[in-house]
Amino acid sequence: MESLVDSVAVHNLKKKIVMGDNGYVLEDVPHLSDYISSLPTCPNPLKKNPSYSVVNLYFVDEDDTVAQNIVVRKNSPRGIHFRRAGPSQNVYFKPGDVNACIVTCGGLCPGLNTVIREIVCALYSIYGVTRVMGIDGGYRGFYSKNTIPLTPKVVNDIHKRGGTILGSSRGGHVTKKIVDSIEDRGINQVYIIGGDGTQKGASVLFEEITRRGLNVAVVGIPKTIDNDIPVIDKSFGFDSAVEEAQRAISAAHVEAISFENGIGVVKLMGRNSGFIAMYASLASGDVDCCLIPESHYYLEGRGGVFEYIEQRLKENGHMVIVVAEGAGRDDEQVDVGLWISKKIKEHFSKEKKMMINLKYIDPTYMIRAIASNASDNVYCTLLAQSAVHGAMAGYTGFTVGPVNNTHAYIPFDRITEKQNRVDITDMMWAQLLSSTNQPSFLSTTRSADIIEANKDEEPPIPLSDGETNQPSFLTTRVDIIEANKNEEPPTQLSDGETNPC
């Protein structure tokens, strides 16, 4: 019997691809009926919910899909689609039979409590589910800690607070122990909130649950403050992070303009992707230079950062620099903000004999710890409800998010296959350069020099094609480590924050 289950699981864990006419491709998500035969269904309780009685066509059609790309040419194929999220006519769980759990993993992010709250409220108020528990302390909480009963009363005002009432942690993913706990507790819906590593863990849990033939829906809600989850339009908490980052940039600007040759340096999150730095700089209008991981930079020499700083100080008497935490940093123990601040001070005091007043601001943990703003609260509500609709409809092994402003169910592998990064050949980056008046430093000749200089280094993360128009303030890991060896120990960064430059 075990071998039969294994063979069924292996067969059904393959990608569900539906091919249509004119290049239409549906990357579908797994369903409990793929590996459990004769599952009973019942009408969706939503039909009797008074809140939805005024809504026309609130059920999604079986054939509703969402296109991944909406900008096409007249002869383009129809391309890849995903299953549209939303309530289905029939559900595969009776409300009284549901025993759901919610877990949060990884670092903090604005909106975690809002997602928890809205999953609970959707299960209770839309579907009439009354058994929902929180797993305390991330993945390891499944087998090492107690659960937390979750009701609408318990979660009533948690969206007004930062952090997560369930606690969080990194690691602790022991597949057998977690699935044993799920099976022993009789849990049949698992909602997992976390970043790419957490979603990879959710995918492994789904595979083990499928292998055992358990009637358990596994649903992921992607979380990353850096906005580096691929496919979806943006991750929750990003808008709140950008808004809060404005306060740090504003403070740096005030400090810079208040002193002769004032320089404000602000380090923002973004160990591999510079979205927060880019959007915050665009929104601010006070930033003169934005450094992100996707665009290499160098400090000294003609066309480098130092020359640009000197030029701006002569023109305006002050400047503000925003640097993403992974910009030019190849060692996770190095604080790039402290490093670049020290290098700027050394250059202008020793090389240029020029007095500067530099203030360095690192708002990282302030930004992570805030409650979500109004925009993110709405977004988190829609995410949570879409996740619940999908689980009740029997879908599993998926994550949920907006694709071209329409919520969709996306296979785990598409979310975890790569990280979303700023495209420095895109219009948005050009707008950033225009906003900051920051020159585009990298020439074809300079690009060849960099490749030659780095040919013996570890391979960098591949960047987009055509990076010949980007700022190239390139430095090396050796320089950074050398500059930091006498500094105070930096604040401990998150696990796995490597970013080859």
Side-chain angles (χ1 to χ4, degrees), residues 98-127 129-173 178 181-182 185 187 189-195 197-199 201-202 205 218-225 235-241 244 269 364-388 391 399-400 494-495:
V98 173
N99 185 16
C101 76
I102 305 170
V103 62
T104 54
C105 304
L108 297 184
C109 174
L112 282 169
N113 277 334
T114 307
V115 174
I116 295 168
R117 178 185 190 271
E118 298 306 327
I119 291 174
V120 174
C121 291
L123 285 167
Y124 269 81
S125 63
I126 298 177
Y127 288 100
V129 172
T130 58
R131 288 191 296 167
V132 186
M133 69 179 76
I135 304 300
D136 185 8
Y139 275 134
R140 61 172 48 90
F142 275 101
Y143 54 84
S144 65
K145 292 191 176 183
N146 295 326
T147 59
I148 302 170
L150 298 176
T151 65
K153 185 176 181 180
V154 170
V155 302
N156 180 54
D157 62 352
I158 64 172
H159 61 297
K160 300 175 184 178
R161 290 180 261 158
T164 165
I165 64 164
L166 301 181
S168 187
S169 67
R170 300 183 186 277
H173 191 286
I178 294 173
S181 175
I182 290 171
R185 297 175 188 270
I187 296 170
Q189 289 186 9
V190 182
Y191 297 93
I192 301 173
I193 309 168
T198 300
Q199 300 304 309
L205 293 182
V218 180
V219 182
I221 296 94
K223 173 231 70 174
T224 168
I225 202 168
S235 54
F236 74 82
F238 178 70
D239 282 353
S240 303
E244 185 68 11
M269 289 81 69
T364 299
Y365 292 100
M366 291 177 61
I367 292 174
R368 284 174 38 156
I370 63 169
S372 52
N373 64 11
S375 172
D376 271 320
N377 277 337
V378 173
Y379 179 25
C380 290
T381 298
L382 298 177
L383 274 177
Q385 291 186 2
S386 293
V388 170
T399 192
V400 64
S494 304
D495 296 338

Is the closest side-chain heavy-atom distance between [X] and [Y] below 4.5 Å?
X      : Y      : result
Ile182 : Val190 : yes
Leu205 : Ile178 : yes
Val98  : Tyr127 : no
Ile193 : Thr198 : no
Pro152 : Val120 : yes

Exam field: side chain [X] to backbone [Y], donor-acceptor pair closer than 3.5 Å:
X      : Y      : result
Tyr124 : Thr130 : yes
Asp376 : Gly237 : yes
Ser240 : Asn373 : yes

Residues that [X] engages under side chain to side chain donor-acceptor pair (under 3.5 Å), provided they are two or more places apart:
X      : result
Ser375 : Asp239
Thr364 : Asp362
Thr399 : none
Gln385 : none

TODO: Looking only at non-hydrogen atoms, find the nearest pair between Gly141 and Ile135 and report the distance.
DONE: C-CG2, 3.5 Å

- [ ] Determine the minimum heavy-atom distance between Leu166 and Gly134, stating which atoms define it.
- [x] CD2-CA, 3.6 Å

Task: Inter-residue atom distance Gln199.CD - Cys105.SG, 0.5 Å rounding - done: 9.0 Å

Open item on the list: Filter on side-chain hydrogen bond (donor to acceptor under 3.5 Å, both in side chains), then keep only pairs touching residues 133-150, sequence neighbours left out; what's left?
Closed with: Arg140-Ser169

With sequence neighbours excluded, tell me which residues meet side-chain contact (heavy atoms from CB on, under 4.5 Å) with [X].
X      : answer
Ser181 : Phe142, Arg185
Ala391 : Gln189, Tyr191, Ala217, Val219
Val154 : Leu150, Thr151

Contacts table for residues 106-118: side-chain donor-acceptor under 3.5 angstrom, sequence neighbours left out:
residue: Asn113; atom: OD1; partner: Ile165; partner atom: N; Å: 2.8
residue: Asn113; atom: ND2; partner: Ile158; partner atom: O; Å: 3.4
residue: Asn113; atom: ND2; partner: Arg161; partner atom: O; Å: 3.3
residue: Asn113; atom: ND2; partner: Gly162; partner atom: O; Å: 3.3
residue: Asn113; atom: ND2; partner: Gly163; partner atom: O; Å: 3.3
residue: Thr114; atom: OG1; partner: Ser372; partner atom: OG; Å: 3.1
residue: Thr114; atom: OG1; partner: Asn377; partner atom: OD1; Å: 2.9
residue: Arg117; atom: NE; partner: Val155; partner atom: O; Å: 3.4
residue: Arg117; atom: NE; partner: Asn156; partner atom: O; Å: 2.8
residue: Arg117; atom: NE; partner: His159; partner atom: ND1; Å: 3.4
residue: Arg117; atom: NH2; partner: Asn156; partner atom: O; Å: 3.3

